[in-house]
Amino acid sequence: MKYICTLSLLLSLHLMTAAQSRTGYINLQQLIAVMPESKLAYDSLNMLQEKLNQEGKQLLDEYTRKVKLFDSTGNKLSPAMQEVKIAEIKTAQQHIQQYKELAEQTIAEREQQLLVPILDKAKKNLKTVANEKGYTLVIDNSRDAVLVSAATDDLMTAVKEKMGIR
């Protein structure tokens, strides 16, 4: 009888320890920021932003030119011509607004194209390291969601090492 009780107790303890999971954490945003691919992606996005800003500045300059011209000569024009010039100014305003929206959309799409593969690579390496180290749950503490944890559960160093990042 003692044998059966002891065996049951050992089996219960084994199942309890096997059922426990290890939880680790990583700051995924920080990991992505130190990846070389991120620097290239952000440089590319900055170049695109500069180009779009230059084009937007041209539209704004044209709008400003039309407004100044109307301000200086508007009272000398006939009412019909004033309406035409006001319509031109309104059209220029609309073009600026449309261009702004298009530029924002273009930047967002390009950012998505560039960052999704980087994020996928980071997650793949994190998953590999977590599996190698026996972690069953990894929390992203990019927003300080992890309040208390052991330094040994921070997987940042291991993942950076796996990716060859110093």
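Keep in mind that this is a model prediction, so the values were computed, not measured. Computed from heavy atoms alone, side chains included, the values below leave out hydrogens, waters and symmetry copies.
Contact between L69 and S72 at its shortest, heavy atoms only, is O-OG, 3.1 Å. The two residues N75 and Q82 have their closest heavy-atom pair at CA-NE2, 3.9 Å. Scanning all heavy atoms of the two residues, the minimum distance from V138 to A130 falls at CG2-CB, 3.8 Å. Across all their heavy atoms, M156 and I26 have their closest contact at CA-CD1, 3.8 Å. For the pair R22 and G134, the tightest heavy-atom approach, listed with the atom from each and the gap, is CB-O, 3.5 Å.
Taken together through direct or relayed side-chain contacts under 4.5 Å among Ile, Leu, Val, Met, Phe, Trp and Tyr, M163 and L40 form parts of separate hydrophobic clusters. With hydrophobic clusters built from ILVMFWY side chains whose heavy atoms lie under 4.5 angstrom apart, V129 shares a cluster with V34. Under the 4.5 Å side-chain heavy-atom criterion for grouping Ile, Leu, Val, Met, Phe, Trp and Tyr, I89 is not connected to V84 through any hydrophobic cluster. Grouping the Ile, Leu, Val, Met, Phe, Trp and Tyr side chains by contacts below 4.5 angstrom, directly or via other members, places L31 with L115. Using a 4.5 Å cut-off between side-chain heavy atoms of Ile, Leu, Val, Met, Phe, Trp and Tyr, with links allowed through other members, I107 and I32 fall into different hydrophobic clusters.
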May I have the step-by-step check of side chain to side chain donor-acceptor pair (under 3.5 Å) for Q97 and Q93, ending in yes or no?
CA-CA 6 Å; Q97 184 61 36; Q93 280 178 323; over 6 Å; no
Test side chain to side chain contact (heavy atoms under 4.5 Å, CB included) on N131 and K127 and set out the steps.
CA-CA 6 Å; N131 287 336; K127 187 174 183 176; 3.9 Å; yes
Would K66 and K85 count as a side chain to side chain contact (heavy atoms under 4.5 Å, CB included) if you check the C-alpha gap in whole Å, the side-chain angles of each, and the deciding distance to 0.1 Å?
CA-CA 8 Å; K66 287 180 181 186; K85 294 297 181 185; over 6 Å; no
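Looking at Y99, its side chain does come within 3.5 Å of a backbone N or O of L52 through a donor-acceptor pair. Here the side chain of S142 pairs no donor or acceptor atom with the backbone of N27 at under 3.5 angstrom.
Salt bridge present: K162 and E132 bring a charged side-chain N and a carboxylate O closer than 4.0 Å. Taking 4.0 Å as the cut-off between side-chain N and carboxylate O, R65 and D61 do not count as a salt-bridged pair. Here K124 does not pair with D120 in a salt bridge; the nearest charged N to carboxylate O distance is not below 4.0 Å.
For E50 and Q54, the side-chain atoms include no donor-acceptor pair closer than 3.5 Å. If you check the side chains of Q58 and E62, you find no donor sitting under 3.5 Å from an acceptor.
Distance check, rounded to the nearest 0.5 Å: CD1 of I139 to CG of L28 gives 13.0 Å. Taking OH of Y42 as the start and CG of L114 as the end, the distance is 9.5 Å to the nearest 0.5 Å. In this structure, Q105 CD and E101 CD are separated by 9.0 Å, a value rounded to the nearest 0.5 Å. One distance of note links CG of L126 with NZ of K121; it measures 14.0 Å at 0.5 Å rounding. Residue Q94 holds its CD atom at 11.5 Å from OH of Y63, rounded to the nearest 0.5 Å. Note that CD1 of I96 and OG1 of T91 are 11.0 Å apart. Values are rounded to the nearest 0.5 Å.
Side-chain contact between E37 and P117: absent, with no pair of heavy atoms (C-beta onward) separated by less than 4.5 Å. A 4.5 Å side-chain heavy-atom check between K57 and N53 finds every atom pair outside the cut-off. The closest side-chain heavy-atom distance from D140 to Y25 is not below 4.5 Å.
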